[in-house]
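The structure appears below as structure tokens.
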Amino acid sequence: MGLTRKHTKAALLGAALYLAVPPVTLQGQEAKEAKEPPTPEKIAEWKKESEALTLFTGDAPLAVTLVGNFKEIAKDRDTLSTTEYWGELRVADDQGGEAKFAVKLRTRGHYRLIRRNCAFVPLRLNFVKKEVKGTVFDGQDKMKLVTHCNSNSMYDEYVVREYLAQKVHSIVTPHAFRSRLAKVTYVDSATGTAVETRNGILMEHEDDVARRMEGEIAELRQALFDDVDARQINEVAIFEAFIGNTDWSLAALHNIRLVRRQDGTILPVAYDLDFSGLVGTRYATPDPRLGIRNVKERLYRGPCRPLEELEPIFSTYLSKEAEILKLYEGAPGLDGRYRQDATSFLNQWFKMLKSPRDLKWMFVDNCKNVPGV
């Protein structure tokens, strides 16, 4: 499994990476966010609307054209920037023509906004709902566009890899961000000429994720494992171990969003998977303090539970084994070597799930009772 005895301290050390300051109680933060709660009828309406969004009902890559001053936009590298830029989105309509509507473009992110990491910035699209009505973007307000980062063809494939990892997440749980692979043609607004056509991922907005889960997004930092739903944090931590991802933190809300239901239950949801072993980007490296050499070494960083408590989640993975492997067998746009490596990485997981000894080592012997990560 790629584990050694030195990893018995890794989960505890990993937790310390984000717990350098005393935790803030959820009750105190909840008081600051107090507002009139939505009615059960409103929650049901939100869930129905979010589940029916046209954009995420299809799997075929969506061809879109995005017009904007991308040279100017690429200069905006401030992680706190709220500057919006004019843009236009074009997509085929139901009549065989082309629908065009204005969008506002913003840069977003942290790692990818650093110039040495990415030449092309990740984007946030802000729609006018009435303008996209009747199109594939019907019901959308704001959404993230995961871009190709650099023009190297390898980065174009990285987008496909990350999309597949997100599809796997949706296969094993409905508590996942939905996504749609897109072929995006970028057109320079100053000259009207196409700059390039690259893969991109259109991401479900976090509010729609929360509505499907019958809740709302909660900004509660310094949350510990005991503060959130036990089943859901188990599910998240196991998924992160499955894909070989240590680039997340419940306490710091790093690549984690929290959904709060009306009964007070807090449900964490994982996103942003490009630093995982399954995606396998060249730039993905684990924090050296975690004690693992690379992202292909799986490390469970969740709460310590009896195996019997985790068994239903393991059973879900085993029941989806064929579906997950088939996804990688038939997905276009993958290098043959990566397809083989990814399949091997996945098979390693399923082999472990079928071995009581390996399961015990990963989730019991190699686990430390820590408050959170």
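Predicted model only: the values in this text are computed from it and were never measured.
- The side-chain tip of K142 does not point at the ring of F127 from less than 6.0 angstrom away and within 45° of straight on.
- In this structure, the side chains of N234 and P303 come closer than 4.5 Å at one or more pairs of heavy atoms.
- Within the structure, every pair that satisfies the ring-ring contact (aromatic ring centres under 6.0 Å, His included) test and touches residues 41-95, not counting sequence neighbours, is listed here: F70-F120, F70-Y186.
- Side-chain contact between Y158 and R282: present, with at least one pair of heavy atoms (C-beta onward) separated by less than 4.5 Å.
- Side-chain atoms of D358 and F363, non-hydrogen and from C-beta on, never get closer than 4.5 Å to each other.
- With hydrogens and angles left out, the side-chain atoms of R178 and Q166 include no donor and acceptor closer than 3.5 Å.
- The existence of a salt bridge linking D141 and K129 is excluded, since no basic side-chain nitrogen approaches an acidic carboxylate oxygen closer than 4.0 Å.
- Between F242 and F350, the ring planes lie tilted relative to each other; the angle falls in the 30° to 60° range.
- F239 has its ring centre less than 6.0 Å from the ring centre of H169.
- Proximity of a side-chain donor or acceptor of E157 to a complementary backbone N or O of D335 within less than 3.5 Å is detected.
- Taking the side chain as every heavy atom from C-beta outward, T185 and R90 never approach each other to under 4.5 Å.
- The aromatic rings of Y283 and Y155 lie parallel to each other, with less than 30° between the two planes, well short of the 60° mark.
- Between M143 and E204, every side-chain heavy-atom pair lies at or beyond the 4.5 Å cut-off.
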